**Q** 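To start, I am sharing the structure in question, which I have written as structure tokens.
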Amino acid sequence: MGKSKIIIIVLLVSLCGAWLYFSNQAEKNQIHAINKTMDEEYQTIVGILNQDYVSEAEWNQVSGKLGMHFDPNQYPEKYQKYVFEKRKEYPDLPVIETYVKGMNTFYAKTYPTNVQQYKAALNYLDKIPSMYNGILADRMAVNHRYVKHMYDEAKGYIDQIKADKAAEKAANIEIGDSESKIVQLFGSPQNINTTTVDGGEYKQYVYSGDRYVYTMNGIIIGFQNIQHQS
């Protein structure tokens, strides 16, 4: 082998070695940066959540930080395993993530009613172990109770409205109600005028005070001078 070829091979080997060194060094630097960022962001997150009051904007901020810095899928594939292992250094992180999802849902405006929104938030918060005593445990317990209270209050309000409507419906006749409801509400009529027509059996219930209720085939189809009870 000629001297020039040997020199070329040596140069190539040197270049490969240099490339591998700098490539490995770049990867080490990136891992160091990830490590530093995750540590700093974790402390920032805990600091925000440990405040007496956390604003809606801050809940969103924390949610963004968790997604950006602690989700392995947000990193290039070669760093995902490292991030996954790094997460283990924060044993309270899974609970914090669940907590933040719950509180973000509580403040969300994406549900048709408060009851649905608060229930969705509770679905997350209820996943926090009842015996959890890690970081932010006291804050979590206070907010969990608050969300539960708001849910119970909202649900109680809706349930009362439904009960009032059901009671009002039970105290009144409406078109489409069963004929049996007439006697239940008004007692026996003075008279029942029955007529057979092509569509079936037509009835007129006659009560004092010129009150009338009309039915067709057992279904109320109209009424006259019937006072609505509220």
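Predicted model only: the values in this text are computed from it and were never measured. Numbering starts at 1 and runs along the sequence shown. Any value given below was found using the heavy atoms of this structure, including those in side chains, with hydrogens, waters and symmetry copies removed.
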**Q** So do the side chains of Met140 and Leu49 get within less than 4.5 Å of each other, counting heavy atoms only?
**A**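 Sidechains of Leu49 and Met140: no contact.
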**Q** Which is it for Glu85 and Lys81 under the salt bridge (charged side-chain N to carboxylate O under 4.0 Å, His left out) test, yes or no, and what are the steps along the way?
**A** CA-CA 6 Å; Glu85 292 299 320; Lys81 183 177 180 181; over 6 Å; no
**Q** So, does Thr215 use its side chain to make a donor-acceptor pair with the main chain of Gly218 at under 3.5 Å?
**A**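 Absent.
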**Q** Can you name the closest pair of heavy atoms from Ser208 and Gln190 and give their distance?
**A**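 Heavy atoms only, the tightest pair is CB-NE2, 3.4 Å.
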**Q** With rounding to the nearest 0.5 angstrom, report the OG1 to CD distance, Thr194 to Glu201.
**A**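 Thr194 OG1 to Glu201 CD: 5.5 Å, rounded to 0.5 Å.
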**Q** Between Arg211 and Asn225 (side chain of the first, backbone of the second, donor and acceptor by atom type, cut-off under 3.5 Å), is there such a pair?
**A**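 Side chain of Arg211 to backbone of Asn225: no pair is present.
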**Q** Is the shortest heavy-atom distance from the side chain of Glu179 to the side chain of Ile219 under 4.5 Å?
**A**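 Side-chain contact under 4.5 Å: no.
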**Q** Quick check on Asn73: does its CG atom have over 12 non-hydrogen neighbours (other residues, nucleotides or ligands) under 6.0 Å away?
**A**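 Result for CG/Asn73: enclosed.
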**Q** Counting neighbours of NZ on Lys155 that are heavy atoms of other residues, nucleotides or ligands and sit closer than 6.0 Å, is the number greater than 12?
**A**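 Counting neighbours around NZ of Lys155, 12 or fewer heavy atoms of other residues, nucleotides or ligands fall under 6.0 Å, so no.
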**Q** Ring centres under 6.0 Å, that's the criterion: do Tyr124 and Phe106 meet it?
**A**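 Not under 6.0 Å, so no.
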**Q** Would you kindly say whether Tyr202 and Asn217 are connected by a side-chain donor-acceptor distance under 3.5 Å?
**A**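 Short answer, no.
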**Q** Please lay out, stage by stage, how Arg139 and Asp52 fare under the test salt bridge (charged side-chain N to carboxylate O under 4.0 Å, His left out).
**A** CA-CA 8 Å; Arg139 301 283 186 196; Asp52 290 334; 3.0 Å; yes
**Q** Only pairs at least two apart or in different chains count here, so list each salt bridge (Lys or Arg N to Asp or Glu O under 4.0 Å) that has a residue in residues 107-122.
**A**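 Sorted result for residues 107-122: Glu56-Lys109.
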**Q** Do Lys148 and Leu125 make a side-chain contact, defined as non-hydrogen atoms from C-beta onward lying under 4.5 Å apart?
**A**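 A side-chain contact is absent here, since even the closest heavy-atom pair is not under 4.5 Å.
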**Q** Calculate, to the nearest 0.5 Å, the distance between atoms CD1 and CG belonging to Ile34 and Asp39 respectively.
**A**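 If we round to the nearest 0.5 Å, Ile34:CD1 and Asp39:CG are 12.0 Å apart.
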**Q** How about Tyr107 and Asn60: do any of their side-chain heavy atoms sit closer than 4.5 Å?
**A**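 No, side chains not in contact.
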**Q** Is it the case that more than 12 heavy atoms not belonging to Gln227 sit under 6.0 Å from its CD atom?
**A**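 Check fails, neighbour count at 12 or below.
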**Q** Are Asp92 and Tyr132 linked by a side-chain donor-acceptor pair shorter than 3.5 Å?
**A**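 Side-chain D/A pair, Asp92 to Tyr132: present.
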**Q** Return yes when atom OH of Tyr146 has more than 12 non-hydrogen atoms of other residues, nucleotides or ligands closer than 6.0 Å, and no otherwise.
**A**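 No, because the 6.0 Å sphere around OH of Tyr146 holds 12 heavy atoms or fewer from other groups.
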**Q** Between Thr113 and Gln116, is there a donor-acceptor pair closer than 3.5 Å when you use the side chain of the first and the backbone of the second?
**A**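 Pair found, side chain donor or acceptor close to backbone of Gln116.
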**Q** Do Ile161 and Tyr118 sit in one hydrophobic cluster, given that two such residues count as connected whenever their side-chain heavy atoms are within less than 4.5 Å of each other, even indirectly?
**A**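 Cluster IDs for Ile161 and Tyr118 match.
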**Q** Given 3.5 Å as the limit, does a donor-acceptor pair link the side chain of Ser63 with the main chain of Trp59, or not?
**A**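 No, the answer is negative, given that no donor and acceptor are paired below the 3.5 Å cut-off.
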**Q** Look at atom CG of Asp138 and say whether more than 12 heavy atoms of other residues, nucleotides or ligands are closer to it than 6.0 Å.
**A**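 Open: at most 12 neighbouring heavy atoms sit under 6.0 Å from CG of Asp138.
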**Q** How far apart are the C-alpha atoms of Asn114 and Ile158, what are their side-chain angles, what is the distance that settles it, and do they pass the side chain to side chain contact (heavy atoms under 4.5 Å, CB included) test?
**A** CA-CA 10 Å; Asn114 286 344; Ile158 296 297; over 6 Å; no
**Q** In terms of hydrophobic clustering (I, L, V, M, F, W, Y; side-chain heavy atoms under 4.5 Å; direct or indirect links), are Met68 and Ile31 co-clustered?
**A**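 Not linked; separate clusters.
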**Q** With a 4.5 Å cut-off on side-chain heavy atoms, are Arg87 and Pro72 touching?
**A**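 Yes, side chains in contact.
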**Q** Any donor and acceptor pair, going by atom type alone, linking the side chain of Asp177 with main-chain N or O of Glu174 inside 3.5 Å?
**A**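 Here the side-chain-to-backbone pair exists.
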**Q** Where do Lys203 and Tyr214 land on the side chain to side chain contact (heavy atoms under 4.5 Å, CB included) test, with the steps shown first?
**A** CA-CA 6 Å; Lys203 292 181 182 179; Tyr214 308 98; over 6 Å; no
**Q** Could you grab the distance from atom CE of Met150 to atom CG of Leu122, nearest 0.5 Å is fine?
**A**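 Here the rounded value is 11.5 Å.
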**Q** Would you check if the side chain of Gln117 reaches a backbone N or O of Ala108 as a donor-acceptor pair within less than 3.5 Å?
**A**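 Pair found, side chain donor or acceptor close to backbone of Ala108.
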**Q** Find the distance between CD1 (Ile96) and CD1 (Ile135) and round it off to the nearest 0.5 Å.
**A**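 One gets 5.5 Å once the value is rounded to the nearest 0.5 Å.
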**Q** To the nearest 0.5 Å, tell me how far Ser130 OG sits from His144 NE2.
**A**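 It is 10.0 Å, given to the nearest 0.5 Å.
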**Q** Should Val142 and Tyr151 be regarded as members of a common hydrophobic cluster, given that ILVMFWY residues are connected when their side-chain heavy atoms come within less than 4.5 Å of each other, either directly or indirectly?
**A**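 Not linked; separate clusters.
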**Q** Parallel, tilted or perpendicular: which fits the ring planes of Tyr90 and Tyr42, with parallel below 30° and perpendicular above 60°?
**A**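 Correct class here is parallel.
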**Q** Treating Asn172 as the side-chain partner and Glu168 as the backbone partner, does any N or O pair qualify as donor plus acceptor under 3.5 Å?
**A**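 Side chain of Asn172 to backbone of Glu168, a donor-acceptor pair under 3.5 Å: yes, one is there.
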**Q** Spell out, as yes or no, whether a donor-acceptor pair under 3.5 Å connects the side chain of Tyr75 to the backbone of Lys78.
**A**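 Absent.
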**Q** Testing Met38, Lys36, Gln43 one by one against Glu40 for a side-chain contact (heavy atoms from CB on, under 4.5 Å), which residue passes?
**A**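 Of all the options given, the one that passes is Lys36.
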**Q** In the hydrophobic clustering that connects Ile, Leu, Val, Met, Phe, Trp and Tyr at side-chain heavy-atom distances below 4.5 Å, which members other than Val183 occupy its cluster, ordered by chain and number?
**A**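 Answer for Val183: Ile173, Ile175, Ile182, Leu185, Phe186, Ile192, Tyr205, Tyr207, Val213, Ile220, Phe223, Ile226.
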**Q** Compute whether any side-chain donor of one residue and acceptor of the other, for Gln51 and Glu58, lie under 3.5 angstrom apart.
**A**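 Yes, because at least one side-chain N or O of Gln51 sits under 3.5 Å from a partner of the opposite role on Glu58.
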**Q** So which heavy atom on Thr105 is nearest to which on Ala121, and how close?
**A**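 That closest heavy-atom pairing would be CG2-N, 3.6 Å.
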**Q** CZ of Phe84 to OH of Tyr82: how many Å apart, nearest 0.5 Å?
**A**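 Here the rounded value is 14.0 Å.
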**Q** Less than 3.5 Å apart, any donor N or O on the side chain of Tyr99 or Asn104 sitting next to an acceptor on the other?
**A**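 There is no such pair between these side chains.
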**Q** Starting from the C-alpha separation in whole Å, work towards a yes-or-no answer on side chain to side chain contact (heavy atoms under 4.5 Å, CB included) for Gln61 and Ile45.
**A** CA-CA 9 Å; Gln61 179 188 0; Ile45 288 169; over 6 Å; no
**Q** With side chain to side chain contact (heavy atoms under 4.5 Å, CB included) as the criterion, how do Asn143 and Met103 come out once you've worked through the C-alpha distance, each side chain's angles and the decisive distance to 0.1 Å?
**A** CA-CA 8 Å; Asn143 278 321; Met103 295 308 297; 3.8 Å; yes
**Q** For Asn193, check side-chain hydrogen bond (donor to acceptor under 3.5 Å, both in side chains) against everything at least two apart and list the hits.
**A**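 Testing Asn193 for side-chain hydrogen bond (donor to acceptor under 3.5 Å, both in side chains), a comparison that skips the adjacent residues, returns Asn191, Gln204.
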